Colleague: 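Below you'll find the structure I mean.
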Amino acid sequence: MTQNEMPKAFDPQAIEAGWYARWEADGLFIADAKSPKEKYCICLPPPNITGELHMGHALNHTVQDICARYRRMTGREVLFLPGTDHAAIATQNVIERQLAAEGMTKEQLGRDAFTSRVDEWYRDVGETIVSQDRILGISLDWSRLRFTMDPAYVRSVMTAFVEFYDRGWIYRAPRIVNWCPHDRSAISDLEVEWKEHQDTLYFIKYPIEGGGDVTIATVRPETMLADTGVAVNPADGRYRNLVGKTAVLPLVGRKLPIVADDAVETEFGTGALKVTPGHDPMDYEIGQRHGLEIVNGMNLDGSMNVPGLPYDGLPALEARARIVADLKKEGLLVKEEPYTHEVGHCDRCKSVIEPLISEQWWLRMEEMRDKALRASEAGKVRWHPERYENTYLDWLRGLRDWNIGRQLWLGHRVPVYYCANGHTTVSVHPPEQCDECGSTDFEQDSDVLDTWFSSALWPFATLGWPEDTEDLKAFYPNDLNVTAREIINLWVSRMIMTGLEFMGDVPFADVAITAQVQAADGRRMSKSLGTGVDPRKLITKYGTDALRAWVASVAMSSQDVRFDESRIEGYRRFCNKLWNATRLVLSSPGVDSADSPGVVERHEHLEDRWILSRLSYAADAVSAGIERFTFQDSINGAYSFAWNEFCDWYLEAVKDRLREGDAVAQDVAFQCLDTLLRFLHPIMPFVTEELWSRLPRRGDYLMRNSWPEPQFVDPGAEEEFQQVIAIVEEVRGHRQAAGAPARGGKLQLDGSVTGSIANLVARLANVELVDALDAPGTPLAVVAGRVVFPYGAGDARREKERKRLEDDLARITSRLENPDFQEKAPPEVVRNLEERAAAAREALNRLAEPDS
RNA sequence: GGGCGGUUAGCUCAGCUGGCUAGAGCGCCUCGCUUACACCGAGGAGGUCGUUGGUUCAAGUCCAUCACCGCCCACCA
């Protein structure tokens, strides 16, 4: 295969799909649970089936693919398991919006038709997501594709519920919950999104029995209809005499005990609080403490539930307006103040949350929480970056019981069955008959489970739990979980808890939290804002490898990253550079019969030893970056080696040798390419596989080749070649400053410069080496020598260099002259500075010599 | 209200345990189509590392403070 067969420019479109198809057809993604190799497993965080893949997925999936490919090459049996999540509440909202666009509601459609509509949607969107992962080159084991609504997965979910239930951890109880009036469902605290609202704080006078009154402050006057008490702080002298008395609720007439409670802030409002246990979490707790009555003043759709009052059935905001007006009429509205505060919204449909009392399914968390805390203390899960462990632990420590029930149409139905005689059966499969009365007439509980209940089982339910499958034995615990930080508490923590509970071990050893990609202007990327960027468009423009290289460079950034297309474009150029470097090496005569790289032993050329040494460092940097989850180090190391060392210096140095068919140069170049392509493969799988296939080699696929570990380190060669670079750069600088022609000129170097260095310099700087110059020439700073060009004049460069050296020397000397420095700094630092001072003096001396 | 992260060239970002003569990509300026690559090569301009203090022989790097920006957690109506 020669250069002539390679197009001049790299075209990602021409090769990517082909390689993916071949890898897949040859089963390279399929894991063998029976393999004797050490196992490595990642279960892909299942994307919600609510739409198409976006940048966040591209980033998340790429990071995992880098790890999966790397581990395959380092000899592990890798299972990288794909799947999707039904995302109950999110999907229901998507479908409802679709229906609304068609002028319909799910109620009109009916539950069965709604369900089949959902199934249809799952099929369509599931395929889109799958195909996008193929475009991204994600090496997922498609033979094990899972969906949280698959029958087997549903069985895992039911089993988990029943196990928890049998342990007595699942119970049903009325509590105050976050109620979404739009979804007509409770949601958990973590699903509430807080947003700043500009509201009004109303000060309302409540008369007191036996005379007097107390003024309270509220932003939600409509909830006063459900007030059952008034509370003040026990330490508040202003109200001490009121405690124990009874206030009378305006507009309603209900009698309200006045109680003392520490939770009341004396500073806020008037220091007196109206207590509405039915519609405020804090009031609920105060109510509990003081035995206050609970009044339910609201319907499930957010309208008022106050039979007998004129506000009954009104939407909350309308009721508020009417109530305020009525209070004003009665002279009970003391004042209104503008007030800015945070209001909870449903994170899926954005409706304002109405806290209310509702009977829900709860899961006790104490024991699981404690096990998780102990696992953390034992260092069972490593977080990257480490600081996120605290985020997780802080939340865990304050954990309360989890409201796992949802009143949705979509999701896993709670496996609780009620017979006609009112007996309850909890079982994985629908019961045949009631154990207590033999009834065969059952009705299933209408609640579904929180999506995160099923997601929490992902690392083992996907592997077949509760069956003791081969996969489960081989691949649990998994090794890695990669997620965005917003999902640490919702998902990661719960996987850890259920993993410990059901499998007796943490679900993974490492958690990597990636940065978030923002739009170029710093806003969040979102479809609705129009700030989203479709990864497929980027791939069409720049190729998958370019996108992935960019992902590697930003994924583990300490801060969120703004999208910058020019950086992706830069990596496309990098692909092209690799392409052309390979093309150059392959154009060398006789390469068709070349052996696999690394067979030639004689490395008498300085540049050969140098580049092989640099190659070893680069390989180490790439490995270390992946191992430590700092992928930016990997891509940066590979990039600078490939471009700034291999292409810029090595290939330039050996061009002539390659042209002459020098077998050693060919071999070294192949070794570099072979190694480079291998260690770049996890990040840039397509271009590396393509180029590697064109190299003389052993083996069929780069993808299943071994990870390179070159160990040729040669400090002497590095130092000598560094001198080559320094001299060449100085000669080039003089050439341009003088306006001399691009090639030609004579260079005289003194005997301190070895022959191999001088020869390389001459070639790379396009000058002729001479023993003596026929003109005075310009002295060099880095080494004793002079250069003369055919024409061109001026010594701007020399002056600048002199200035720089003088400044540098002054700075160094002042430090060296400081006795404290001499005394306290480590000797090697002092020595280093002394050497630099000496070098600067020498260079200045050379420059001080007269010239032409 | 707590906690965490960020603030480094015009833009997007690197700078690990203090020793930096502060880097990269893009953009900008000047040359150059030299048989790998103009998706290129060579040379160059550009930064008192958010503020104010402190620790240290030495601070972008450690400590404190303030100012913005962002995120997470939290039952102040």
Side-chain angles (χ1 to χ4, degrees), chain A residues 3 6 8-10 176 189-190 194 201 216-220 223 231 263-265 267-269 272-276 280-286 339 341-342 355 385 387-388 390-391 394-395 398 485-486 488-489 516 518 520 522 524 542 553-554 557-567 569-587 628 630 632-633 636 639-640 644 647-648 651-652 655 658-659 729 732-733 735-737 739 741-743 766 797 800 804-805 807-808 811-812 815 818-826 828-830 832-833 836 840:
Chain A
Q3 168 201 14
M6 284 179 77
K8 201 171 159 185
F10 171 58
I176 191 145
D189 291 347
L190 288 172
W194 294 90
L201 189 60
I216 57 86
T218 179
V219 275
R220 295 199 305 157
T223 64
V264 181
E265 294 284 333
E267 303 297 313
F268 189 89
L273 170 72
K274 71 191 231 353
V275 183
T276 322
D280 184 282
M282 187 174 96
D283 292 10
Y284 178 78
E285 293 190 3
I286 293 175
Y339 182 57
H341 65 145
E342 301 262 294
R387 65 186 135 94
Y388 287 114
N390 283 328
T391 305
D394 285 348
W395 180 78
R485 56 173 180 264
E486 63 187 10
I488 289 173
N489 298 329
Q516 224 121 32
Q518 302 172 333
R524 66 179 282 139
Y542 306 111
S553 74
V554 303
S557 171
S558 59
Q559 58 180 325
D560 287 344
V561 286
R562 294 187 178 199
F563 178 69
D564 180 4
E565 194 163 330
S566 75
R567 286 184 69 183
E569 191 183 347
Y571 287 114
R572 182 191 63 181
R573 296 185 194 178
F574 180 50
C575 292
N576 190 247
K577 192 74 180 174
L578 295 173
W579 184 268
N580 278 289
T582 306
R583 210 158 66 90
L584 170 66
V585 176
L586 287 172
S587 72
R628 299 205 299 245
T630 51
Q632 62 275 23
D633 295 340
N636 290 346
Y639 185 101
S640 62
N644 304 122
C647 290
D648 286 354
L651 288 182
E652 292 303 326
K655 255 181 187 170
L658 286 174
R659 218 168 276 147
E729 286 181 342
R732 284 174 180 165
R735 188 192 291 284
Q736 296 226 4
R743 14 182 87 247
N766 286 312
R797 154 99 201 192
K800 222 184 81 190
R804 212 209 86 223
L805 285 165
D807 291 350
D808 200 24
R811 205 175 317 119
I812 294 169
R815 284 176 67 187
N818 181 345
D820 282 337
F821 175 73
Q822 293 283 355
E823 197 183 316
K824 294 178 182 169
E828 66 269 21
V829 173
V830 178
N832 178 275
L833 224 52
R836 272 173 53 197

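Here is the naming used below: chain letters follow the sequence lines, and residue numbers restart at 1 for every chain. Owing to the predicted nature of the structure, the values given are computational and were not obtained by experimental measurement.
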Colleague: Using a heavy-atom cut-off of under 4.0 Å over every strand shown, decide if A/D633 touches base, sugar-phosphate, or nothing.
Modeller: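 Nothing: the residue A/D633, judged by heavy atoms under 4.0 Å, touches no strand.
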
Colleague: Nearest to the side chain of A/Y339 - B/C57, B/C37, B/A77?
Modeller: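 Nearest nucleotide to the side chain: B/A77.
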
Colleague: What is the base-pairing partner of B/U65, counting Watson-Crick and G-U wobble geometry with both distances under 3.5 Å?
Modeller: none

Colleague: Using atom P of each nucleotide, how far apart are B/A22 and B/G60 to the nearest Å?
Modeller: 10 Å

Colleague: Can you tell me the pairing partner of B/U35 across any strand shown, Watson-Crick or G-U wobble, with both distances under 3.5 angstrom?
Modeller: none

Colleague: Under the 3.5 Å rule, do the base of B/A14 and the side chain of A/Q632 count as making a donor-acceptor pair?
Modeller: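 No pair found.
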
Colleague: Regarding A/R583 and A/N580, do their side chains bring together a donor and an acceptor under 3.5 Å, going by distance alone?
Modeller: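 Looking only at side-chain atoms, A/N580 and A/R583 do form a donor-acceptor pair, the distance falling under 3.5 Å.
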
Colleague: Under 4.0 Å, heavy atoms only, any strand: does A/A742 hit a base, just the sugar-phosphate, or nothing?
Modeller: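 Contact class for A/A742: none.
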
Colleague: If I pick the C1' atom on B/U61 and the same atom on B/G15, what distance separates them, to the nearest angstrom?
Modeller: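 Looking at atom C1' only, B/G15 and B/U61 are 9 Å apart.
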
Colleague: Which part of the nucleic acid, if any, lies within contact of A/K274, taking any heavy atom under 4.0 Å across all strands shown: a base, the sugar-phosphate backbone alone, or nothing?
Modeller: nothing

Colleague: To the nearest Å, how far apart are A/R811 CZ and B/G19 P?
Modeller: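 A/R811 atom CZ is separated from B/G19 atom P by 16 Å.
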
Colleague: Does A/E652 make a side-chain donor-acceptor contact with the base of B/A36, cut-off 3.5 Å?
Modeller: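 Flag set: donor-acceptor pair detected.
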
Colleague: Assuming nearest nucleotide by heavy-atom distance, tell me which of A/A272 and A/K655 is located more 5' along RNA chain B.
Modeller: A/K655

Colleague: Tell me, yes or no, whether the heavy-atom count around A/E267 atom CD, taken from other residues, nucleotides or ligands under 6.0 Å, exceeds 12.
Modeller: no

Colleague: Quick one: which of B/C39, B/C57, B/A42 gets closest to the side chain of A/P826?
Modeller: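 In terms of side-chain proximity for A/P826, the closest of B/C39, B/C57, B/A42 is B/C57.
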
Colleague: Could you report the tightest heavy-atom contact between A/C647 and A/K577, atom names first, then the distance?
Modeller: CB-CE, 3.7 Å

Colleague: Looking for any heavy atom pair under 4.0 Å, which part of the strands does A/C575 touch: base, sugar-phosphate only, or nothing?
Modeller: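 A/C575: no heavy atom of the nucleic acid under 4.0 Å.
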
Colleague: What pair of heavy atoms forms the shortest contact from A/R797 to A/E729, and how long is it?
Modeller: NH1-O, 4.1 Å

Colleague: Using atom C1' in both nucleotides, what's the gap between B/G47 and B/C13 to the nearest angstrom?
Modeller: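 These two C1' atoms come out 14 Å apart once rounded.
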
Colleague: Looking at the side chain of A/N576, which of B/C57, B/C75, B/C39 is the nearest nucleotide?
Modeller: B/C39

Colleague: Return the orientation label for the A/F574 and A/Y639 ring planes: parallel under 30°, perpendicular over 60°, tilted otherwise.
Modeller: tilted

Colleague: Got a list of protein N/O to nucleotides 58-62 of chain B N/O distances below 3.5 Å?
Modeller:
none

Colleague: Can you tell me how far P in B/U65 sits from the matching atom in B/G5, rounded to whole Å?
Modeller: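 Rounded to whole Å, the distance is 14 Å.
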
Colleague: CZ of A/R583 versus C1' of B/A36: gap in Å, rounded?
Modeller: 5 Å

Colleague: Rounded to the Å, how far apart are A/R804 CZ and B/A45 C1'?
Modeller: 16 Å

Colleague: Identify which nucleotide among B/A77, B/G41, B/U21 has an atom closest to any side-chain atom of A/K577, counting heavy atoms from C-beta outward.
Modeller: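 Of B/A77, B/G41, B/U21, B/G41 is nearest to the side chain of A/K577.
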
Colleague: Over all strands shown, is A/R836 touching base, sugar-phosphate only, or nothing at heavy-atom distances under 4.0 angstrom?
Modeller: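 Base contact.
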
Colleague: So which heavy atom on A/W579 is nearest to which on A/K8, and how close?
Modeller: CD1-O, 4.0 Å

Colleague: With side chain to side chain donor-acceptor pair (under 3.5 Å) as the test, would you mind laying out the steps for A/S553 and A/R567 before giving the verdict?
Modeller: CA-CA 10 Å; A/S553 74; A/R567 286 184 69 183; 3.3 Å; yes

Colleague: Would you give a per-nucleotide map of nucleotides 2-13 of chain B, 5' to 3', where B means the base has a protein non-hydrogen atom under 4.0 Å away, S means only the sugar-phosphate does, and - means neither?
Modeller: --SSS-----BS

Colleague: For the pair made of CG in A/D283 and P in B/A77, what is the distance, rounded to whole Å?
Modeller: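 Value for this atom pair: 11 Å.
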
Colleague: On RNA chain B, check which nucleotide each of A/L201 and A/K800 is closest to and give me the residue with the more 5' one.
Modeller: A/K800

Colleague: Side-chain contact test, heavy atoms from C-beta onward, threshold under 4.5 Å: evaluate it for A/H341 versus A/L201 and give yes or no.
Modeller: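 A/H341 vs A/L201: side chains apart.
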
Colleague: Is it true that A/D560 and A/R524 have a side-chain N and a carboxylate O under 4.0 angstrom from each other?
Modeller: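 Between A/R524 and A/D560 there is no salt bridge, as every charged N stays at least 4.0 Å from the carboxylate O atoms.
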
Colleague: Once you apply the 3.5 Å cut-off to both distances, tell me the Watson-Crick or G-U wobble partner of B/G70, or none.
Modeller: B/C4

Colleague: Quickly work out the A/R735 CZ to B/G41 C1' distance and round it to whole Å.
Modeller: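 After rounding, the reported distance stands at 14 Å.
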
Colleague: In whole angstroms, how far is the P atom of B/A74 from the CH2 atom of A/W395?
Modeller: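 Rounded to whole Å, this separation is 9 Å.
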
Colleague: For B/U48 and B/A64, measure between their P atoms and round to the nearest Å.
Modeller: 27 Å

Colleague: Among B/C39, B/U34, B/C73, find the nucleotide with the atom closest to the side chain of A/A9.
Modeller: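 Nearest nucleotide to the side chain: B/C39.
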
Colleague: Taking the same atom, C1', in B/C63 and in B/C75, what whole-Å distance lies between them?
Modeller: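 Taking atom C1' in both B/C63 and B/C75, they lie 36 Å apart.
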
Colleague: Rounding to an integer number of angstrom, what distance separates B/A36 and B/U17 when you compare their C1' atoms?
Modeller: 42 Å

Colleague: Looking only at heavy atoms, what is the nearest atom pair of A/L658 and A/L651, with distance?
Modeller: CD1-CD2, 4.3 Å

Colleague: Whole-Å distance between B/U21 P and A/D808 CG?
Modeller: 7 Å

Colleague: So what does A/L190 hit on the nucleic acid, given a heavy-atom distance under 4.0 Å: a base, only sugar-phosphate, or nothing?
Modeller: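 Contact class for A/L190: sugar-phosphate only.
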
Colleague: Please give me the minimum heavy-atom distance between A/I286 and A/V264, naming the atom from each residue.
Modeller: CD1-CG2, 4.5 Å

Colleague: Are A/R797 and B/G44 close enough that a side-chain N or O sits under 4.0 Å from OP1 or OP2?
Modeller: yes

Colleague: Which nucleotide sits closest to the side chain of A/N636: B/A14, B/G27, B/A42?
Modeller: B/A14

Colleague: Among B/A74, B/A36, B/A77, find the nucleotide with the atom closest to the side chain of A/V219.
Modeller: B/A77

Colleague: Find the distance A/Y571:OH to B/A14:P and express it as a whole number of Å.
Modeller: 11 Å

Colleague: State the pairing partner of B/G47; accept Watson-Crick or G-U wobble contacts with both distances under 3.5 Å, and report none otherwise.
Modeller: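 The answer is none; no pair meets the criterion.
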
Colleague: If the P atom of B/C39 is compared with that of B/U51, how far apart are they to the nearest Å?
Modeller: 41 Å

Colleague: What contact category does A/R659 fall into here, base, sugar-phosphate, or nothing, at under 4.0 angstrom with non-hydrogen atoms?
Modeller: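 Since only primed, P, OP1 and OP2 atoms lie under 4.0 Å of A/R659, the category is sugar-phosphate.
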
Colleague: Run the side-chain contact (heavy atoms from CB on, under 4.5 Å) check on A/N766 and A/R735 step by step: do they pass?
Modeller: CA-CA 10 Å; A/N766 286 312; A/R735 188 192 291 284; 3.9 Å; yes

Colleague: Look through every strand shown and name the nucleotide pairing with B/C26 as Watson-Crick or G-U wobble, where both distances are under 3.5 Å.
Modeller: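 For B/C26, the partner nucleotide comes out as B/G10, under the 3.5 Å rule.
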
Colleague: Answer yes or no for A/R572 and A/Y542: cation-pi contact, defined as NZ/CZ to six-membered ring centre under 6.0 Å and angle to ring axis within 45°.
Modeller: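 Negative - A/R572 is either too far from the ring of A/Y542 or too far off its axis.
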
Colleague: Is A/T630 reaching over with its side chain to a backbone N or O of A/Q632, donor-acceptor style, under 3.5 angstrom?
Modeller: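 Answer holds: no.
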
Colleague: Where the side chain of A/E265 is concerned, which of B/U21, B/A77, B/C76 is the nearest nucleotide?
Modeller: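 When the side chain of A/E265 is considered, B/C76 is the closest of B/U21, B/A77, B/C76.
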
